[in-house]
Number of protein chains: 2
Amino acid sequence: MSKVAKFDREEVIQKATNLYWGKGYHGTSMRNLQTAIDLRPGSIYATFGSKDNLFKESIQYYANKTGEVLENCLAETSSPLEGLKLFIRKLVIENLEGKPSCMCMIVKSISELTDADNKELLDEAKLLLANVENKFAEIITEAIKLGEIASDKDAKELASYIQVQIIGLRTYARVNSNVETINKFVNEIFIGSPFH
Amino acid sequence: MSKVAKFDREEVIQKATNLYWGKGYHGTSMRNLQTAIDLRPGSIYATFGSKDNLFKESIQYYANKTGEVLENCLAETSSPLEGLKLFIRKLVIENLEGKPSCMCMIVKSISELTDADNKELLDEAKLLLANVENKFAEIITEAIKLGEIASDKDAKELASYIQVQIIGLRTYARVNSNVETINKFVNEIFIGSPFH
DNA sequence: TTTTTAATGGAACACTCGTTCATTATACAA
DNA sequence: TTGTATAATGAACGAGTGTTCCATTAAAAA
């Protein structure tokens, strides 16, 4: 038999994800990636096929990792609502610094990509964001069952409301990353508007 | 004397703005622009200097036009609050289709550009967004004076809250452009959360 | 130890990028 | 009508793009 790849596939995807997340799809060149992940074109193309496919795997990796964070938050408390609140706090506050961007990579991609030029990648990003929203809806449905949220509320509507708030806050954080302001808005998500 | 420029400068900037707005800074090439505005490189560079400067003039043009829309909304009613509501409805609902993007060009730019690669353009975009927020704060201050909003509210905080909502909604609209959903969220901006 | 097979390195490709510049066209002043 | 100043043209430049190719390398199987 033959030689086996000496690099760690996940580690490579992780580094690619960090680059794409920070610089965007168009802002990241294959040479940027080659340097960041320390692989020559031959290896990258043998493993991932194309810039587009590497981006696709990266954004999927990002979505998986974010999903894991959400699962961990839910596991930390027995309350779905508290788990969800914890998740939002983690996303919005803890991502303010240190990460490639305080914005969500999926949202950045949906903002940057177009149907005309990158339909497949855009559709993938939209799908991943819809998955998150569905997960939110499940959690909220559970919270309604447990009486944590009034039973006349619509889980799907609240889920999309949460999405709007997270998207808005994480994007706004790029301009004003004042922790007190952001924290205040996070707290108000659940005590304001459609929840009461 | 000499030959005089035969193209309309504003018309050219308008076309450039539409292209940049839709495809983003990195997604728009000078060749794209040359075709869209029907000018050869020589003329473009003689008039605007560089891709970066044309982008800068474009985003400023976009901000000016948006400012005019806001002024018109305020002029339509004697109530600052109603004027502001009208503006948000216009931005979020009427931009759902037909425009280069349902998203705000300034927000798209802040999302796409980085300090490392395009600091000057990013700073310009941040400044323009801050200007909008200041204008919101002025309007809300006026609304408080007129008793349209409770006098214990902080105008600056409400202004940034409005920003978060508009950013969130216009971005979310790229994934779910259902008019009823969006419209519901727009209405809830003022009846929910920090306003009550 | 030899054979086999795939991973690796990195030069090179065709193309596109932002930009420049010598040339040509045009409108006005003299 | 001619001279002059400036706008418009478009070929061309060097650098950078995503990608291909293949000789070389290395490790597992025979």
Side-chain angles (χ1 to χ4, degrees), chain A residues 1-13 15-17 19-59 109 112-114 116-122 124, chain B residues 1-59 109 112-114 116-122 124:
Chain A
M1 258 256 238
S2 75
K3 200 177 162 182
V4 79
K6 81 163 194 282
F7 61 84
D8 179 21
R9 200 176 201 277
E10 174 165 344
E11 197 182 317
V12 165
I13 291 188
K15 284 177 181 167
T17 302
L19 214 62
Y20 275 133
W21 183 5
K23 296 165 75 75
Y25 172 81
H26 286 111
T28 307
S29 74
M30 288 307 288
R31 259 128 185 127
N32 291 156
L33 287 161
Q34 287 161 32
T35 307
I37 69 188
D38 192 30
L39 278 183
R40 263 38 65 195
S43 303
I44 297 180
Y45 278 83
T47 312
F48 300 103
S50 68
K51 183 189 181 184
D52 276 40
N53 194 67
L54 178 53
F55 184 84
K56 197 171 182 176
E57 294 211 27
S58 293
I59 200 172
S109 304
E112 178 186 10
L113 303 174
T114 62
D117 296 330
N118 300 97
K119 175 143 179 51
E120 200 183 318
L121 293 180
L122 176 56
E124 179 66 25
Chain B
M1 254 253 239
S2 73
K3 202 175 163 180
V4 77
K6 80 164 195 278
F7 62 83
D8 179 22
R9 200 177 200 278
E10 175 165 342
E11 197 182 317
V12 165
I13 292 188
Q14 193 208 105
K15 285 176 180 168
T17 302
N18 283 340
L19 214 62
Y20 274 132
W21 182 5
K23 295 164 74 76
Y25 172 81
H26 286 111
T28 307
S29 73
M30 288 307 287
R31 259 125 184 130
N32 292 156
L33 287 161
Q34 287 161 32
T35 307
I37 69 188
D38 192 28
L39 278 182
R40 263 38 66 196
S43 303
I44 298 181
Y45 278 83
T47 312
F48 300 104
S50 67
K51 182 191 181 182
D52 276 40
N53 195 67
L54 179 52
F55 184 85
K56 196 172 184 176
E57 294 210 27
S58 293
I59 199 172
S109 303
E112 177 186 10
L113 302 174
T114 62
D117 295 330
N118 300 98
K119 175 145 178 51
E120 202 183 318
L121 294 180
L122 176 57
E124 179 66 25

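In what follows, every chain begins at residue 1, and chains take the letters A, B, ... in the order their sequences are listed. If you're wondering where the values come from, they're calculated on a predicted model, not measured in any experiment.
Phosphate proximity of C:dT8 to A:S43: present, with a side-chain N or O under 4.0 Å from OP1 or OP2.
Under the rule for a side-chain hydrogen bond (donor to acceptor under 3.5 Å, both in side chains), the partners of A:E120 that lie at least two apart in sequence or sit in another chain are A:K56. In this structure, the side chain to side chain contact (heavy atoms under 4.5 Å, CB included) partners of B:T47, at least two apart in sequence or on a different chain, are B:F7, B:R9. In this view, B:S29 and B:N32 satisfy the side-chain hydrogen bond (donor to acceptor under 3.5 Å, both in side chains) rule, not counting sequence neighbours. Residues meeting the ring-ring contact (aromatic ring centres under 6.0 Å, His included) test with B:F55, sequence neighbours left out: B:Y20, B:Y25. Residues satisfying the salt bridge (charged side-chain N to carboxylate O under 4.0 Å, His left out) criterion with B:D52, sequence neighbours excluded, are absent altogether. Evaluation of the salt bridge (charged side-chain N to carboxylate O under 4.0 Å, His left out) rule for B:E124 yields no partner, not counting sequence neighbours. Partners of A:R31 by side-chain hydrogen bond (donor to acceptor under 3.5 Å, both in side chains), not counting sequence neighbours: none found.
Within residues 45-56 of chain A, no residue has any heavy atom closer than 4.0 Å to DNA chain C. For residues 16-42 of chain B, proximity to DNA chain D is found at B:R31, B:R40, B:P41, B:G42, defined as any non-hydrogen atom under 4.0 angstrom from a strand atom.
Using a cutoff of 4.0 Å between basic side-chain nitrogens and carboxylate oxygens, B:K119 and B:D117 are not scored as salt-bridged.
Rounded to an integer number of Å, the gap from CZ of B:F7 to P of C:dA27 is 15 Å. For the pair B:D117 CG and D:dG16 P, the interatomic distance rounds to 13 Å; values are reported in whole Å.
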